[in-house]
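Below is one structure, written out as structure tokens, with a few remarks after it.
Below, each value reflects all heavy atoms present in this structure, side chains not excepted, and no hydrogens, waters or symmetry copies.
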Amino acid sequence: MLNESQRQQAADLLWDCWAHNRRIPHLPTELQPVDRQEAYDIQRRLEARSFAPLAGWKIGATGPGGQQLLQVDAPLAGRLLAERLHRSGARITLGDNLMSVLEVEVAFRMRTSLPPRATPYTQEEVLDAVGSIHPAIEIPDTRYEHFRQVGAAQLIADNSCADHFVLGAPADVDWRSLDLAALATSATVEGGGQQSSGSGAQVLGDPRIALTWLVNELRAHGLTLGTGHVVASGSTIVPMAVRAGQTVHAELGVLGTVLVHLD
């Protein structure tokens, strides 16, 4: 088990990598979290370095492809930091992003908070706490050179590959009546013809299932999904390779579109 000093050292090292655009193969052996509880505590210390209140949460590895890529057997939760949350149409510097992929996501914004409690939340309770639904794009990244080999705990400590997130306008539809599992989604590179398509079913079978998973993952670790928090429910497409100079449109059917320019 890591002591308080070791957890802080791990968080400081990861933040330094993030702030100075550098990578490490993995955390030093003496700073590696042994389980999810320790990993989320390290992640919490990354949030403390942000200049603004937490914007929300992301879910990673929600499909078999993502789990296979990261060599994990369950989803991962990460924090969306306010300084990395953008509106549709934003220009984002890709820089030396190691993963260099883009994901199309269904995002939820919470109307009320869901704090920890003894019993799991039902999907009905979780959906009742949602205020709006949005089209979104995630551009993940990692601070590990060997991110495919480090395992779930180190990935969670590194904020579950969170980096930039682009949030579209709230959908002006009765989304509660929609079959989100059947929602067709795609990402298209402007002028290049490159495209990746998918559906809501890629996200644990349904984005609503993923949202409920997140709430109960947080609950199990004493964490609250707060009022106004955005939840990125996971990639509905096989992550699409991108590079600087591209403009990408994401289409999420009746939920709308979202756009990002990559520099």
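Seen from the ring of Tyr40, Arg44 does not count as a face-on cation partner, given the 6.0 Å and 45° thresholds.
Interatomic distance, Thr112 OG1 to His229 NE2, rounded to the nearest 0.5 Å: 12.5 Å. In this structure, CZ in Phe108 is found 10.0 Å from NE2 in His134, a value given to the nearest 0.5 Å. Here the straight-line distance linking atom CD of Gln246 with atom CG of Asp263 works out to 11.5 Å at 0.5 Å rounding. Within the model, atoms CD of Gln32 and CG of Leu27 stand 6.0 Å from one another, a figure rounded to the nearest 0.5 Å. A distance of 12.5 Å separates NE2 in His261 from OG1 in Thr93, rounded to the nearest 0.5 Å. Summarising the geometry, atom CG belonging to Asn159 is positioned 5.5 Å from atom CG belonging to Leu81; distances are rounded to the nearest 0.5 Å.
With sequence neighbours left out, His86 forms a ring-ring contact (aromatic ring centres under 6.0 Å, His included) with His164. By the salt bridge (charged side-chain N to carboxylate O under 4.0 Å, His left out) test, Arg109 is found to be paired with no residue, residues two or more places apart in sequence or in another chain being considered. Arg23 is linked by a salt bridge (charged side-chain N to carboxylate O under 4.0 Å, His left out) to Asp96, Asp141, counting only residues two or more places apart in sequence or in another chain. With sequence neighbours excluded, no residue forms a side chain to side chain donor-acceptor pair (under 3.5 Å) with Glu124. By the side chain to side chain donor-acceptor pair (under 3.5 Å) test, Asp172 pairs with no residue at all, sequence neighbours left out. Glu190 is linked by a salt bridge (charged side-chain N to carboxylate O under 4.0 Å, His left out) to nothing, counting only residues two or more places apart in sequence or in another chain. Checked against salt bridge (charged side-chain N to carboxylate O under 4.0 Å, His left out), Glu145 has no partners two or more places apart in sequence or in another chain. With sequence neighbours left out, His26 forms a ring-ring contact (aromatic ring centres under 6.0 Å, His included) with no residue at all.
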Quick one, Glu105 with Thr236, criterion side chain to side chain donor-acceptor pair (under 3.5 Å). Give me CA distance, side-chain angles, the key distance, then yes/no. CA-CA 6 Å; Glu105 311 214 2; Thr236 63; over 6 Å; no
Step by step, work out the side chain to side chain contact (heavy atoms under 4.5 Å, CB included) result for Trp57 and Val215. CA-CA 10 Å; Trp57 296 84; Val215 171; over 6 Å; no
Given the rule in the side chain to side chain contact (heavy atoms under 4.5 Å, CB included) test, do Val106 and Leu255 qualify, once you have shown the distances and angles that lead to the verdict? CA-CA 8 Å; Val106 175; Leu255 299 188; 4.1 Å; yes
Side chain to side chain contact (heavy atoms under 4.5 Å, CB included) between Thr247 and Leu259: does it pass, once the steps are laid out? CA-CA 7 Å; Thr247 294; Leu259 171 71; 3.2 Å; yes
Report the C-alpha separation of Val104 and Val258 in whole Å, then their side-chain angles, then the decisive distance to 0.1 Å, and conclude whether the side chain to side chain contact (heavy atoms under 4.5 Å, CB included) test is met. CA-CA 9 Å; Val104 177; Val258 60; 6.0 Å; no
After noting the C-alpha distance and the side-chain angles of Glu251 and Thr257, does the key distance pass the side chain to side chain donor-acceptor pair (under 3.5 Å) rule? CA-CA 5 Å; Glu251 300 274 352; Thr257 64; 5.3 Å; no
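Residue pairs that meet the side-chain hydrogen bond (donor to acceptor under 3.5 Å, both in side chains) test with at least one member in residues 197-209, sequence neighbours left out, are Asp206-Arg208. Within the structure, salt bridge (charged side-chain N to carboxylate O under 4.0 Å, His left out) pairs that include any residue of residues 216-245 comprise Arg36-Glu217 (at least two apart or interchain).
Using modelled atom types, no side-chain atom of Thr142 and backbone atom of Cys161 make a donor-acceptor pair closer than 3.5 Å. For the pair Tyr121 (side chain) and Trp213 (backbone), a donor-acceptor distance under 3.5 Å is absent. The backbone N or O of Leu127 lies less than 3.5 Å from a partner atom in the side chain of Arg176, making a donor-acceptor pair. Between the side chain of Gln43 and the backbone N or O of Ala77, at least one donor-acceptor pair lies under 3.5 Å. For Lys58 (side chain) and Ser160 (main-chain N/O), a donor-acceptor pair under 3.5 Å exists by modelled atom type. Judged purely by atom type and a 3.5 angstrom limit, His20 uses its side chain to pair as donor or acceptor with the backbone of Asp16. Looking at Ser113, its side chain never comes within 3.5 Å of a backbone N or O of Pro115 through a donor-acceptor pair. Asp158 contributes a side-chain N or O that, together with a main-chain N or O of Arg143, makes up a donor-acceptor pair within less than 3.5 Å. Remark: the backbone N or O of Ser5 is not paired with any side-chain donor or acceptor of Gln8 at under 3.5 angstrom. A donor-acceptor pair under 3.5 Å is absent between the side-chain atoms of Ser50 and the main chain of Glu47, judged by distance alone.
The environment of Asp73 atom CG is sparse: at most 12 non-hydrogen atoms of other residues, nucleotides or ligands sit within 6.0 angstrom. For Arg87, the CZ atom counts as loosely surrounded, since its 6.0 Å shell holds 12 or fewer non-hydrogen atoms of other residues, nucleotides or ligands. Other residues, nucleotides and ligands place more than 12 heavy atoms under 6.0 Å from the CD atom of Gln123.
Asp163 places none of its side-chain heavy atoms less than 4.5 Å from the side chain of Pro140. Between Thr227 and Met110 the shortest side-chain heavy-atom distance does not fall below 4.5 Å. Side-chain contact check for Leu114 versus Thr224: every heavy-atom pair is 4.5 Å or farther apart. Side-chain contact between Val203 and Ser235 is absent, with no heavy atoms from C-beta onward closer than 4.5 Å. Taking the side chain as every heavy atom from C-beta outward, Arg84 and Ile139 never approach each other to under 4.5 Å. Between Val260 and Leu102 the shortest side-chain heavy-atom distance falls below 4.5 Å. Between Val130 and Val231 the shortest side-chain heavy-atom distance does not fall below 4.5 Å. Using a 4.5 Å heavy-atom threshold, the side chains of Ile59 and Leu76 count as separate.
Neither Val238 nor Leu252 shares a network with the other; the hydrophobic side chains, linked directly or stepwise wherever heavy atoms of I, L, V, M, F, W or Y lie under 4.5 Å apart, form separate groups for each. Residues Ile237 and Ile133 fall within the same hydrophobic cluster, defined by Ile, Leu, Val, Met, Phe, Trp and Tyr side chains chained together at heavy-atom separations under 4.5 Å.
Contact between Ala39 and Pro33 at its shortest, heavy atoms only, is N-CB, 3.8 Å.
Ion pair Asp12/Arg49 flagged as a salt bridge, since at least one NZ, NE, NH1 or NH2 atom sits closer than 4.0 Å to an Asp/Glu carboxylate oxygen. Note on Arg117 versus Glu125: salt bridge recorded, some NZ/NE/NH1/NH2 to OD/OE distance being below 4.0 Å.
Other cluster members for Met1: Val34, joined by side-chain heavy-atom distances under 4.5 Å among Ile, Leu, Val, Met, Phe, Trp and Tyr. Applying the 4.5 Å side-chain rule to ILVMFWY residues, one finds Leu80, Leu85, Leu167, Val230 in the same cluster as Phe165.
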